[in-house]
Amino acid sequence: MATTKAPDAGRRSDRSRRAIHDAALALVTEQGYRRTTIEGIAARAGVGKQTIYRWWPSKAAVLMDAFLDLAGRTAEDAGGAPQPDGAASPAGGGGAPQPDGAASSGGSAPGFPDTGDLAADLKTVLRATVDELNNPVLEAVTRALTAEGIVDAKLGAEFVQQLLDPQLALYVTRLRAAQEAGHVRAEVDPRIALELLIGPLMHRWLLRTLPLTHAYADEVVDYAIGGLTPRA
């Protein structure tokens with residue numbers, strides 16, 4: 001007598017999660033964060049609302065999880081390693097993705113290169129950030145979540161905690177290593193220093209003032225480094 005194989009609940013759950021992620025990202029891209037609802041996500045994903053609430057407490061949690069998943073998959077597809085906590089979002093809307101094959105030494109955090117040349121390492125990371133910000137797969141949802149995080153304090157705080165802080169910590173660690181090596185003045189605050197690097201990119205990207213390019217990222221590093229290196 002033939003036996004029937006029991007359905008794989010884990011595989012079914014994975015399919016449902018991916019369908020929910022895809023539906024959430026599609027809706028926030030098409031109609032913005034505020035008009036996206038749990039009901040809409042459930043309908044687009046072909047699941048019940050209770051399925052979503054079983055895994056996530058809120059719409060913001062669904063979208064944050066979906067974005068982290070998308071960012072991680074995008075980094076892997078590009079040949080790089082997944083980001084800390086899966087985050088590959090730009091700093092200020094996220095952080096820099098880990099450069100492919102970047103070496104880590106001298107106490108620097110995994111994923112942030114430390115070749116001994118601070119300017120070159122920062123250019124590597126900021127160029128990768130430019131590529132990510134210009135990536136059409138990520139751009140629409142990143143803009144939607146960034147914009148809503150400005151007016152929604154709770155969402156903004158989640159955005160910072162889950163997406164931004166893990167990336168900024170990599171900059172801080174690398175800059176502190178540079179201080180220990182004597183490549184950055186001892187009195188420099190790494191958190192302020194990293195904002196000199198990330199802030200200009202986010203300003204240009206958010207306001208679309210001028211094209212966001214690798215050449216611009218290199219100039220930002222050169223300008224910032226000029227104010228960070230030891231003075232004679």
Side-chain angles (χ1 to χ4, degrees), residues 64 68 71 80-81 83-99 102-133 142 145-147 149-207 209-210 212-232:
M64 205 68 68
L68 288 169
Q83 298 306 299
D85 297 332
S89 61
Q98 296 179 8
S104 178
S105 60
S108 184
F112 205 116
D114 188 349
T115 64
D117 185 333
L118 179 61
D121 294 343
L122 290 172
K123 287 177 182 179
T124 295
V125 174
L126 289 192
R127 282 181 170 221
T129 301
V130 166
D131 290 341
E132 184 180 294
L133 288 169
T142 304
L145 288 173
T146 300
I150 293 172
V151 297
D152 183 332
K154 183 178 180 180
L155 179 66
E158 291 182 15
F159 202 79
V160 170
Q161 181 181 12
Q162 295 192 45
L163 301 177
L164 186 57
D165 281 347
Q167 298 300 320
L168 298 185
L170 299 181
Y171 282 86
V172 169
T173 300
R174 178 65 183 90
L175 289 168
R176 283 179 177 157
Q179 284 179 313
E180 293 173 3
H183 300 154
V184 170
R185 300 199 313 273
E187 70 272 18
V188 166
D189 182 333
R191 181 63 189 238
I192 295 176
L194 69 86
E195 291 174 354
L196 298 177
L197 299 161
I198 297 168
L201 267 64
M202 293 309 302
H203 177 273
R204 183 170 285 203
W205 178 75
L206 281 171
L207 301 182
T209 54
L210 289 168
L212 187 61
T213 64
H214 285 181
Y216 176 67
D218 289 350
E219 286 194 73
V220 166
V221 171
D222 289 338
Y223 282 25
I225 289 293
L228 298 179
T229 50
R231 295 170 179 167

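If you're wondering where the values come from, they're calculated on a predicted model, not measured in any experiment. Position 1 is the first residue of the sequence, and the numbers go up from there.
In His214, the NE2 atom is crowded: over 12 heavy atoms of neighbouring residues, nucleotides or ligands sit closer than 6.0 Å.
Contact check for Thr124 versus Thr115: no side-chain heavy atoms found under the 4.5 Å cut-off. Contact of the Val184 side chain with the Leu118 side chain is registered, since non-hydrogen atoms from C-beta on lie closer than 4.5 Å. The side-chain heavy atoms of Leu164 and Phe159, taken from C-beta on, include no pair separated by under 4.5 Å. Taking the side chain as every heavy atom from C-beta outward, Arg127 and Asp218 approach each other to under 4.5 Å.
Thr146 contributes atom OG1, which lies 9.5 Å from atom CG of Leu155 (distance to the nearest 0.5 angstrom). Here the CG atom belonging to Leu126 is positioned 11.0 Å from the CG atom belonging to Asp121, to the nearest 0.5 angstrom. To the nearest 0.5 angstrom, Leu210 atom CG is 9.5 Å from His203 atom NE2. Remark: Lys123 NZ to Ile225 CD1 distance equals 9.0 Å, nearest 0.5 Å.
Minimum heavy-atom separation, Tyr171 to Val125: OH-CG1, 3.4 Å. Residues Leu197 and Val221 approach most closely at CD2-CA, 4.1 Å, considering heavy atoms. Across Arg185 and Gln179, no two heavy atoms sit closer than the pair O-NE2, 3.1 Å. The two atoms that bring Leu163 and Leu68 nearest to each other are CD2-CD2, 2.9 Å, heavy atoms only. Between Trp205 and Leu133 the shortest heavy-atom distance is NE1-O, 3.0 Å. Listed here is the closest heavy atom pair of Ala217 and Leu201: CA-CD1, 4.4 Å.
Remark: Asp152 engages no residue in a side-chain hydrogen bond (donor to acceptor under 3.5 Å, both in side chains) (not counting sequence neighbours).
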* Asked: Between His183 and Asp117, is a side chain to side chain donor-acceptor pair (under 3.5 Å) present by the stated rule, with each step listed?
  -> CA-CA 9 Å; His183 300 154; Asp117 185 333; over 6 Å; no
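Looking at Arg174, its side chain does come within 3.5 Å of a backbone N or O of Pro113 through a donor-acceptor pair.
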